[in-house]
Amino acid sequence: MNFSRNVGAGETIEEEGDAEHLQLISLKHSIDDLYLLTMSIIIFFMQAGFAFMEAGAVRSKNTVNILIKNLLDMLIGGIAYWLIGFPLAFGSEGNFFLSYNFWANNNLPVKEYGHWFFDFVHAATASTLVSGSMAERCNFYAYLVYSFIITGFIYPVASHWAWHPQGWLKRTAFKDYAGGGVVHMLGGTCALVGAALMGPRISRFHGKTGEPHDIRGHSVPLAALGGFILLFGFLAFNAGFRGHISQSGDGEVISRALVNALLGACGGGVGALVIHRAGTFGPTNAWSFLMTLNGALAGLVGVCAGSDVFPSWAALVVGVGAGFTFLCLHFLLLRLKVDDPLDAFPVHFGGGLFGIVAVAFFMEGGIVFDPSRNSATVLGWNLVGAASISGWSASLCLVLFGILKKLGILRVSREMEIQGMDLMKHNEPAYPSTAWEDCDPGQYGTSTMASKLLSVMGYKGSLVDSATRMQGPFARPSRSSCLASIRKETMPVVLSTGDLPSLSDLSSPSDPPSHRESMPNLLLVSTKTPDAPGIDPRRGSVASVP
């Protein structure tokens, strides 16, 4: 990335009085800033894609937990990058390893704020990948710590190496145009270390045989929406790294990057779909949507390193290769009993590594077209850069997550993991049972409709079980006068205080022990006459107490 204000070729200011020339240069800088900020805002929106995709991939009991983590990737990450991240990455004073000024934007020229924002959204992306791989079991305090350190220190130093004019990789033949190594390999490596040290979710693998148990997310549509947002955002991810649009040749480079990003997604998605369906990694009869989606994302990651120099057909080939690499690493993690709910490591590390290597082969003048010392040099330095970035992030994360694990704050308790963090940690269930309640049921009220639905399904459970079904698994005593209709025979009934059966009448020899033990939990919450018009004063409310 070019973070300096260079005057274009032939644009020299010889006289301060040349107002028109000054205005033209100022206009070009403003256009460049507008372009960079627009791309940054689109990349910022990718955070919504990560949030939806991760929320859909986890169980409903942990939805709020993963959403707040995605939100804090921006909030905590913004503070970290403002305080120390940008100064370490792109300060004007520094050396081959890091820079060291502009702390908290002190003395940072306002004209560079657009570049600050552009690189921040990439730093936040690297941190977000880790939350997905450690989903459903990571302690919230541990998350706050590692999010700050990855965004504020681990990523900025690596980006300094590759993109700062004084960085040691920048001075070599190393080529990573849009962060296939710096962003995605780094984030994927951190994700792998965190998932491995934390251990798999409860019941993810069989205790004796080690066979994986499929723990499905609660909403494929949510995951799909997040994936589509990410596909959209990746276009800006590749286009924005040009850094400007007012100079000669910018349009061609940006157009090529966009088309190559699209073709990379096509190759990765279709390749993963066909390879998985063909039974390459075991017999299957499924055309898997989630595998296709992750394959498309891996293809996009794969072309990041060379989207500005790949021919269009090569971008398609690289996408297929990245999708295949994703599948290989996905099944390898299962064999190693590493639980990565979002496949962050296979998608981002696998796609990023394949793309870094592919640059030397498929770039114009690369090994495929012109085997030469220059292309071999690019391959060598790209391998060195990939190893350095992975080693840097892996070693620091081993120390970081190792300390958190030693302190006992890396993983939540077994009880919290089983019950879910939404209620126990945040007290905000994503799908509250009270959403089924209504104060005026009427013919189309939710309680009445739920009763009718149970009738249509031919439900034969006990009275208490019917009420519990309608209230949901996390039902709590309601203080309102709302009615929870209870089915009797095939039609909803209206209960008053005198209509409720005694506890002895509710139990029967045919009821299982679990039902008979739960009978005392049935109670009349309220028998007061509601003041709201249109409500039958005879109706009470039945709920179950956990």
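Since we're looking at a predicted model, the values are computed, not measured.
Using a 4.5 Å heavy-atom cutoff, the side chains of V317 and F310 are not in contact. The shortest distance between side-chain heavy atoms of H160 and S99 falls below 4.5 Å. With a 4.5 Å cut-off on side-chain heavy atoms, I84 and P156 do not count as touching. At a threshold of 4.5 Å between non-hydrogen side-chain atoms, the residues V130 and Y143 do not count as touching. Side-chain contact between M53 and L293: present, with at least one pair of heavy atoms (C-beta onward) separated by less than 4.5 Å. With a 4.5 Å cut-off on side-chain heavy atoms, S159 and D119 count as touching. The shortest distance between side-chain heavy atoms of F237 and V183 falls below 4.5 Å. When side chains are defined from C-beta on, Y113 does not count as touching D33, because their heavy atoms never get closer than 4.5 Å.
Side-chain atoms of Q47 and T128 include a donor-acceptor pair closer than 3.5 Å. A side-chain N or O of N101 and one of S92 form a donor-acceptor pair less than 3.5 Å apart.
The closest donor-acceptor contact from the side chain of N382 to the backbone of K175 lies under 3.5 Å. Judged by distance alone, with hydrogens and angles left aside, the side-chain atoms of S133 form a donor-acceptor pair with the main-chain N or O of A191 at under 3.5 Å. The backbone N or O of V253 lies less than 3.5 Å from no partner atom in the side chain of D308, so there is not a single donor-acceptor pair. In this structure, the side chain of D340 engages the main chain of A344 through a donor-acceptor pair within 3.5 Å. Remark: the backbone N or O of L83 is not paired with any side-chain donor or acceptor of W103 at under 3.5 angstrom. Judged purely by atom type and a 3.5 angstrom limit, S388 uses its side chain to pair as donor or acceptor with the backbone of V384. Under a 3.5 Å cut-off, the side chain of H164 and the backbone N or O of Q166 do form a donor-acceptor pair. When atom types are taken as modelled, the side chain of D422 and the backbone of K425 share no donor-acceptor pair closer than 3.5 angstrom. Panel note: side chain S395, backbone G391; a donor-acceptor pair is recorded below 3.5 Å. W161 contributes a side-chain N or O that, together with a main-chain N or O of F97, makes up a donor-acceptor pair within less than 3.5 Å.
Atom CZ of F369 is surrounded by more than 12 heavy atoms from other residues, nucleotides or ligands within 6.0 Å. Crowding of F289 atom CZ: a count of heavy atoms from other residues, nucleotides or ligands under 6.0 Å exceeding 12. Around atom CH2 of W82, no more than 12 heavy atoms belonging to other residues, nucleotides or ligands sit under 6.0 Å away. Other residues, nucleotides and ligands place no more than 12 heavy atoms under 6.0 Å from the CZ atom of F52. More than 12 heavy atoms of other residues, nucleotides or ligands sit less than 6.0 Å from atom CZ of F140.
Each of H218, E136, E54 was compared with N62 under the side chain to side chain donor-acceptor pair (under 3.5 Å) criterion, and only E136 meets it. The only member of R137, R411, K61, R201 that meets side chain to side chain donor-acceptor pair (under 3.5 Å) when paired with E417 is R411. Just one of F86, W392, Y81 meets the ring-ring contact (aromatic ring centres under 6.0 Å, His included) condition when paired with F153; it is W392.
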Would S131 and Y146 satisfy side chain to side chain contact (heavy atoms under 4.5 Å, CB included), going step by step from the backbone distance to the final call? CA-CA 10 Å; S131 65; Y146 81 67; 3.6 Å; yes
Can you check side chain to side chain contact (heavy atoms under 4.5 Å, CB included) on F118 and I43, steps first, answer last? CA-CA 8 Å; F118 182 76; I43 298 171; 3.9 Å; yes
Take I403 and L407 through the side chain to side chain contact (heavy atoms under 4.5 Å, CB included) test and state the conclusion after the steps. CA-CA 6 Å; I403 293 175; L407 295 175; 4.0 Å; yes
Take C190 and Y155, measure what side chain to side chain contact (heavy atoms under 4.5 Å, CB included) needs, and give me the verdict at the end. CA-CA 10 Å; C190 296; Y155 167 82; over 6 Å; no
Salt bridge (Lys or Arg N to Asp or Glu O under 4.0 Å) evaluation trace for D32 with K111: CA-CA 11 Å; D32 290 340; K111 65 182 180 180; over 6 Å; no
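Note that the CG atom of L192 and the CZ atom of F349 stand 8.0 Å from one another [nearest 0.5 Å]. Taken from CD in E93 to CG in N107, the straight-line distance is 9.5 Å, to the nearest 0.5 Å. How far CG of N238 is from CG of L300: 7.0 Å, rounded to the nearest 0.5 Å. Atom-to-atom distance recorded for H426:NE2 and L67:CG is 9.5 Å, nearest 0.5 angstrom. Note that CG of L129 and CG of L342 are 9.0 Å apart. Values are rounded to the nearest 0.5 Å. Annotation: the span from I149 atom CD1 to L144 atom CG amounts to 11.0 Å, rounded to 0.5 Å.
The aromatic rings of W313 and F362 sit perpendicular, their planes meeting at an angle over 60°, well past the 30° parallel limit. Below 30°, between 30° and 60°, or above 60°: for F281 and F331 the angle between ring planes is below 30°, a parallel geometry.
Checked against the 6.0 Å centroid threshold, F90 and H122 do not count as a close aromatic pair.
Nearest heavy atom pair, residue F354 against residue V318, reads CE2-O, 3.6 Å. The nearest pair of heavy atoms linking L235 to A261 is CD2-CB, 4.0 Å. Smallest separation of non-hydrogen atoms from A223 and L290: CB-CD2, 4.4 Å. When all heavy atoms are compared, the tightest approach of F326 to N294 is CZ-CB, 3.4 Å. Y177 approaches S307 most closely through the heavy-atom pair CD2-OG, 3.3 Å. When every heavy atom of D73 is checked against every heavy atom of S127, the shortest pair comes out as OD1-OG, 3.6 Å.
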